[in-house]
Participant: 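Sharing a structure, written as structure tokens. Questions coming.
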Amino acid sequence: MIRSTCPYCGVGCGVLLAPAGESGLIVRGDPDHPANRGRLCSKGTALGETVGRSGRLTTPEIHGRPADWDQALSLIATRFRQTIAAYGPESVALYLSGQMLTEDYYVANKLMKGFIGSANVDTNSRLCMASTVAGHVRAFGADTVPGIYDDLEEADLVVLVGSNLAWCHPVLWQRIEAARATRGTKIVVIDPRRSVTAGAADLHLPIAPGADVALFNRLLAALADRGFLTGGVTGLEAAVQSARADSGETGLAPADLARFLDLWCRTEKVVTVFSQGVNQSSSGTDKVNAILNCHLATGRIGHPGMGPFSVTGQPNAMGGREVGGLANQLACHLSLENPAHRAAVAQFWQAPRMAERPGLKAVDLFRAVGDGRVKALWVIHTNPAVTLPEADAVRAAIAACEFVAVSDVTGATDTARLAHVLLPAAAWAEKSGTVTNSDRTISRQRAVLAPPGAARPDWWMLAGVAQRMGFDGFDWSGPAAIFREHAALSGIAGALGRDFDISGKAAISDADYDRMEPFRWPSTAVRQGGRFFGDGQYYTPDGRPRMIAVTSTPPQAALTPEHPFRLNTGRIRDQWHTMTRTGQAPRLNQHLGEPFVEVHPSDALRSGLSPWSLAEVRSTSGNAVLRVVVTDRVRPRQIFAPLHWTGETAPTGRIDAVVSAVTDPLSGQPESKAAAVSLRPWPARWFAFACAAGSIVPGGGYWARRVTETGLAAEIAALEAPDDPVAFARTLFDLPDAEVMQTEDAARGQVSIALIRAGRVAALLFAAPSPVVVARDTAIARIGTPGNAATLAPCAGTTDRADNGPLVCACTGVGRNRLQSAIRAGASDLAAIGQATGAGTNCGACRPEIAALLSQLARPQAAE
Ligand SMILES: Nc1nc2c(c(=O)[nH]1)N[C@H]1C(S)=C(S)[C@@H](COP(=O)(O)OP(=O)(O)OC[C@H]3O[C@@H](n4cnc5c(=O)[nH]c(N)nc54)[C@H](O)[C@@H]3O)O[C@H]1N2
Ligand SMILES: Nc1nc2c(c(=O)[nH]1)N[C@H]1C(S)=C(S)[C@@H](COP(=O)(O)OP(=O)(O)OC[C@H]3O[C@@H](n4cnc5c(=O)[nH]c(N)nc54)[C@H](O)[C@@H]3O)O[C@H]1N2
Ligand code: SF4
Ligand SMILES: [Mo]
């Protein structure tokens, strides 16, 4: 099997891959990879199901018509050149992604900052890691992640701040759980919401949204009061003073707060892990520094089992930072605003036209697209029309832009549909390069499948455009050559005193690059991997770390009588962002199959929302219609919705349409977790569930569509019932001539319709004036079977309880209903459930959910 790296989260698990059949892939965890030692999560396990050819973009397109590569790349080069000639280099922009390989990213950054001469190159990492980068630079003088994964296992206390690790970095969670089992590690989760991770912690602190600075200031004051401070830090006194003066409310019960302060103060081996609950905030950089302050003040950094730890989201968020992909960075952790750094890079690149000042950060970049300052845009490996705040405005801005090129693996994304030039990208299993994970480990991604049609790697397209613009220095033979150049430049950065230096690999041969084992940077003649800062040496001018005086501020959007709810957003376990890949795997769609909003029971009552009804969430920026999940996982006046649904999968479920484009003043990172919104019933009078072997094309209203084992399924709702449900079904499924079978349950007002073609069930529709009761798995399994009198009987009028129910264990296919049966039959712990059903015995990512189900059934009063 071929060794590669999982293309999803920043854990960076090693995988073993082997092609299987037409376009399949066998996937195993790599037992020798230091990040995962053979483990995988549900998404990694299902990778083989996401590499199919259906829906892939296989040829370049210009205005929707097939073109050849030379036409497409020449057109981009021409339009960029003309735009620059007429309006200057700031009128063009690249928008990139932390999912690009380092080699792709390096080429994009070199083209913009060295040759086009503008720093209008930003990336979705602005929405993801920018606050951490800014916080690191303020405290350490460089964007350095001090620790390594082993620290999570060597710690006595792991504090997770704004991180749903069990769902978003499942293999790290598994590593921590394993350590907890052997050494009794304490786990604290700081999250306004009782996430699955919070539910599995020793202590959950349901902090008020945005109050992390207040909490860590409390901690710093307690550390000072109790005599835990050590010296050697700049700014200690001012930071402590500011911490003592901070009167911000944490929203926590005094006993919980006291327990946390005690635990942190007393435990020397403490790792504070932080993620989007920290970064995606209008005070994100201050939150980061409030955390770093506590570690710096106590010297708990750079030694085994201790330190602050930013877990990165995307597989190559770190690589993007290393090449300087953000609009305010240069390359190799060099500074765009430092003339000596600029000169060194210019000389190395033989750059004709170096950018001299930072470019526009993502939110501002798309504002500039909207008001016509940016006239030519190239989007690579990201879907900004969905994932940027004020997404409707962003979508409109892209639609109105004079020239838009998009590189993607599929043309069916909200962003790709707006492209003038669409470029077919080779997908992760079809291309080669490197990625850097959260603990600075650089791993190879290796091609195992041939790209479909004319698809090509991203670096090749970028180099092709650069050459057609007439630039020298873009004629690499392949990713190995680009990697060598990047490594050589890092040596210059190292000589200028920067942390990122992999010059030890600058002379690597193609063959050695092919064989390259995962290694942690730095990698130089004198230094390999390991932790930073244990020696007390930092990257500030005086070599000492800096504490920053910070004061808590509430989220920027104020709650008002009109917008009284705080909208929190984030991820679910089995989907990756806009679902273009995970959405291809039927089993990953079974966990949570449509866009939803979690609402506290008291708010549901007050707002007149019943479980599984639909709600409209509205802010001053836009609105969304979502399925209501009533749960006490969220607190009153706080609601939570996932970010995954798009115009392709659920057009009213685009949550970033609602999120306002408020940003952190230092990092430019948007506040994606604290919009002020209203919540009210969406008065649907007609609900339906549909499944089919072929297409399902709902018109307006609410709909959410997903891929199943037998085709497609959709949840549909409308403000008015259609006059003729059979005519509706024929249009919905595009089956004008199919034979119809129909039953009615007069008591419920539910109608069930089967459309039969050539004797087989082609499509099923169940509709009712209230959310439809139907055994969905059973109905989906009927598609393609012979149509007869028994087709509709076992589905209609039966609740979901009759079948597997929402999938909990994606690896073994065990759903909630089967787990409930097993628990009722006497399985009383994880091991017994594993034995009875198999659930939780493979990757373990579902174990927190099974545990929650166990405790819930033991406490029937808990709301679900
Ligand atoms: N399954 C899955 N895994 C993924 C991804 C995916 O799409 N799907 N994406 C990857 C990427 S790119 C990223 S960036 C990571 C993100 O990983 P995480 O940051 O763990 O995920 P999120 O769900 O965005 O947010 C984490 C938590 O922050 C909490 N939160 C909200 N506001 C606050 C606050 O004010 N303070 C605190 N302390 N907490 C708050 C939310 O309730 C939420 O539970 O996940 C990566 N892994
Ligand atoms: N409300 C809210 N909004 C958020 C967040 C949040 O928590 N809440 N999180 C933010 C964060 S942390 C992130 S990281 C972003 C993620 O947001 P995006 O980056 O916009 O989302 P993805 O779905 O990962 O987009 C990746 C795109 O690349 C395409 N693709 C896949 N493989 C390749 C390839 O090899 N080459 C090319 N060229 N294209 C490829 C995919 O088909 C897809 O269209 O969302 C951000 N937006
Ligand atoms: S934890 Fe899961 S998604 Fe993340 S890298 Fe590992 S297998 Fe992939
Ligand atoms: Mo992210």
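Remember, it's a predicted structure, so these values are computed and weren't measured experimentally. All residue numbers refer to positions in the sequence shown, counting from 1. Order of listing sets the numbers, starting from 1, for every ligand and every atom in it.
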Participant: Around atom 35 (O) of ligand 1, find the nearest protein heavy atom and jot down its residue, atom name and distance.
Facilitator: Gly210 N, 2.7 Å

Participant: Return the minimal non-hydrogen interatomic distance between Val323 and Tyr105, and the atom names on each side.
Facilitator: CG2-CB, 3.6 Å

Participant: To which of Arg571, Gln314, Gln99 does the heavy atom nearest atom 24 (O) of ligand 1 belong?
Facilitator: Arg571

Participant: Checking a contact table here: which protein heavy atom is nearest atom 40 (C) of ligand 1, and how many Å away?
Facilitator: Pro192 CD, 3.2 Å

Participant: Which residue owns the protein heavy atom closest to atom 25 (O) of ligand 1, what's the atom, and how far is it?
Facilitator: Lys673 CE, 3.2 Å

Participant: Which option wins on minimum heavy-atom distance to atom 44 (O) of ligand 1: Ile207, Leu588, Asp191?
Facilitator: Asp191

Participant: Which atom names give the shortest non-hydrogen contact between Ile380 and Ser97, and what distance separates them?
Facilitator: O-CB, 3.6 Å

Participant: Less than 4.0 Å is my threshold; does some heavy atom of Met129 fall inside it relative to ligand 1?
Facilitator: no

Participant: Please state which protein non-hydrogen atom is closest to atom 20 (O) of ligand 1 and give its distance, to 0.1 Å?
Facilitator: Asn164 N, 2.8 Å

Participant: Work out which heavy atom in Cys6 is nearest to a heavy atom in Pro315; give both atom names and the distance.
Facilitator: O-CB, 4.2 Å

Participant: Is any side-chain N of the basic residue among Glu517 and Arg3 closer than 4.0 Å to the acidic one's carboxylate O?
Facilitator: yes

Participant: Under 4.0 Å, heavy-atom basis, I'd like to know which part of Arg633 is in contact with ligand 1: side chain, backbone, both or neither.
Facilitator: neither

Participant: Is His644 touching ligand 1 with its side chain, its backbone, both, or neither, if touching means heavy atoms under 4.0 Å apart?
Facilitator: side chain

Participant: N/O to N/O below 3.5 Å, does that happen between Asp574 and ligand 1?
Facilitator: no

Participant: If you take the nearest heavy atom of each of Cys168, Gly277, Ala317, which one is closest to atom 34 (C) of ligand 1?
Facilitator: Gly277

Participant: Going by the atom numbers of ligand 1, which of them fall below 4.0 Å from some non-hydrogen atom of Gln575?
Facilitator: 1 (N), 2 (C), 6 (C), 7 (O), 8 (N)

Participant: Taking atom types as modelled, is there a side-chain donor on Asp574 or Thr582 under 3.5 Å from an acceptor on the other?
Facilitator: no

Participant: Could you tell me whether some N/O pair between Gln276 and ligand 1 is separated by less than 3.5 angstrom?
Facilitator: yes

Participant: Considering the heavy atoms of Gly162, write down every atom of ligand 1 situated less than 4.0 Å from one of them.
Facilitator: 19 (O), 26 (C), 27 (C), 28 (O), 37 (C), 38 (N), 39 (N)

Participant: For Gly98 and Asn124, work out which heavy atoms get closest and say how close.
Facilitator: N-OD1, 2.8 Å

Participant: Between Phe640 and ligand 1, find which residue part has any heavy-atom pair under 4.0 Å and reply side chain, backbone, both or neither.
Facilitator: neither

Participant: Which of the numbered atoms in ligand 1 are under 4.0 angstrom from any heavy atom belonging to Trp167?
Facilitator: 1 (N), 2 (C), 3 (N)

Participant: Do Asp150 and Arg175 have side-chain heavy atoms sitting under 4.5 Å apart?
Facilitator: yes

Participant: Is there side-chain contact between Val270 and His295, with heavy atoms separated by less than 4.5 Å?
Facilitator: yes

Participant: Would you mind running through ligand 1 and noting each atom that sits below 4.0 Å from a heavy atom of Arg193?
Facilitator: 42 (O), 43 (C), 44 (O)

Participant: Among Arg581, Arg446, Gln99, whose side chain to side chain contact (heavy atoms under 4.5 Å, CB included) with Trp428 holds?
Facilitator: Arg581

Participant: Hey, can you pull the donor-acceptor pairs under 3.5 Å for the side chains in residues 200-220, sequence neighbours left out?
Facilitator:
from: Asp202; atom 1: OD2; to: Arg180; atom 2: NH2; distance (Å): 3.3
from: Asp202; atom 1: OD2; to: Ile187; atom 2: N; distance (Å): 2.7
from: His204; atom 1: NE2; to: Asp191; atom 2: O; distance (Å): 2.7
from: His204; atom 1: NE2; to: Arg193; atom 2: O; distance (Å): 3.4
from: Asp212; atom 1: OD1; to: Lys287; atom 2: NZ; distance (Å): 2.9
from: Asn217; atom 1: ND2; to: Asp246; atom 2: OD2; distance (Å): 2.8
from: Asn217; atom 1: ND2; to: Val550; atom 2: O; distance (Å): 2.9
from: Arg218; atom 1: NH1; to: Gly248; atom 2: O; distance (Å): 3.4
from: Arg218; atom 1: NH2; to: Gly248; atom 2: O; distance (Å): 2.7

Participant: Report, in ascending order of atom number, the atoms of ligand 1 lying under 4.0 Å from any heavy atom of Lys287.
Facilitator: 34 (C), 35 (O), 36 (N)

Participant: Go through ligand 1 atom by atom and flag the ones less than 4.0 Å from a non-hydrogen atom of Ile190.
Facilitator: 37 (C), 38 (N), 39 (N)

Participant: Taking the non-hydrogen atoms of Ile572, is any one of them nearer than 4.0 angstrom to ligand 1?
Facilitator: yes

Participant: For Ser195, what residues pass the side chain to side chain donor-acceptor pair (under 3.5 Å) criterion, not counting sequence neighbours?
Facilitator: none

Participant: So between Gly313, Ser275, Ser281, whose heavy atom ends up nearest atom 11 (C) of ligand 1?
Facilitator: Gly313

Participant: Which atom pair, heavy atoms only, marks the closest approach of Ser281 to Asp664?
Facilitator: O-CB, 3.4 Å

Participant: State the atoms of ligand 1, each with its element, that fall below the 4.0 Å cut-off from a heavy-atom position in Cys128.
Facilitator: 14 (S)

Participant: Numbering the atoms of ligand 1 from 1, which are under 4.0 Å from a heavy atom of Arg573?
Facilitator: 1 (N)

Participant: Does Asn568 reach ligand 1 with a nitrogen or oxygen that is under 3.5 Å from one of the ligand's nitrogen or oxygen atoms?
Facilitator: yes

Participant: For the side chain of Thr197 and the backbone of Ala166, is there at least one donor-acceptor N/O pair under 3.5 Å apart?
Facilitator: yes

Participant: Could you tell me if the side chain of Gln276 sits less than 4.5 Å from the side chain of Gln669, heavy atoms only?
Facilitator: yes

Participant: Flag the pair Thr663 / Arg126 as yes when at least one side-chain heavy-atom distance between them is below 4.5 Å, and no otherwise.
Facilitator: no

Participant: For residues Leu25 and Ala429, report the shortest heavy-atom separation together with the two atoms involved.
Facilitator: CD2-CB, 4.0 Å

Participant: May I ask you to check if ligand 1 and Pro209 share an N or O to N or O distance below 3.5 Å?
Facilitator: no

Participant: Would you indicate which of His577, Arg566, Gln280, Lys43 comes nearest to atom 7 (O) of ligand 1 when only heavy atoms are counted?
Facilitator: His577

Participant: Is a side-chain donor or acceptor of Asn437 paired with a backbone partner of Thr441 at a separation under 3.5 angstrom?
Facilitator: yes

Participant: Relative to the heavy atoms of Gly12, which atoms of ligand 3 are at a distance of less than 4.0 Å?
Facilitator: 5 (S)

Participant: Is any N or O atom of Asp212, backbone or side chain, closer than 3.5 Å to an N or O atom of ligand 1?
Facilitator: yes

Participant: Check the angle between the aromatic planes of Phe274 and His136 and answer parallel, tilted or perpendicular using the 30° and 60° thresholds.
Facilitator: perpendicular

Participant: Under the side chain to side chain donor-acceptor pair (under 3.5 Å) rule, collect the residues that match up with Glu177, sequence neighbours excluded.
Facilitator: none

Participant: Is any side-chain N of the basic residue among Lys431 and Asp458 closer than 4.0 Å to the acidic one's carboxylate O?
Facilitator: yes

Participant: With atom 2 (Fe) of ligand 3 as the centre, enumerate protein N/O/S atoms below 2.8 Å in chain and residue order.
Facilitator: Cys41 SG

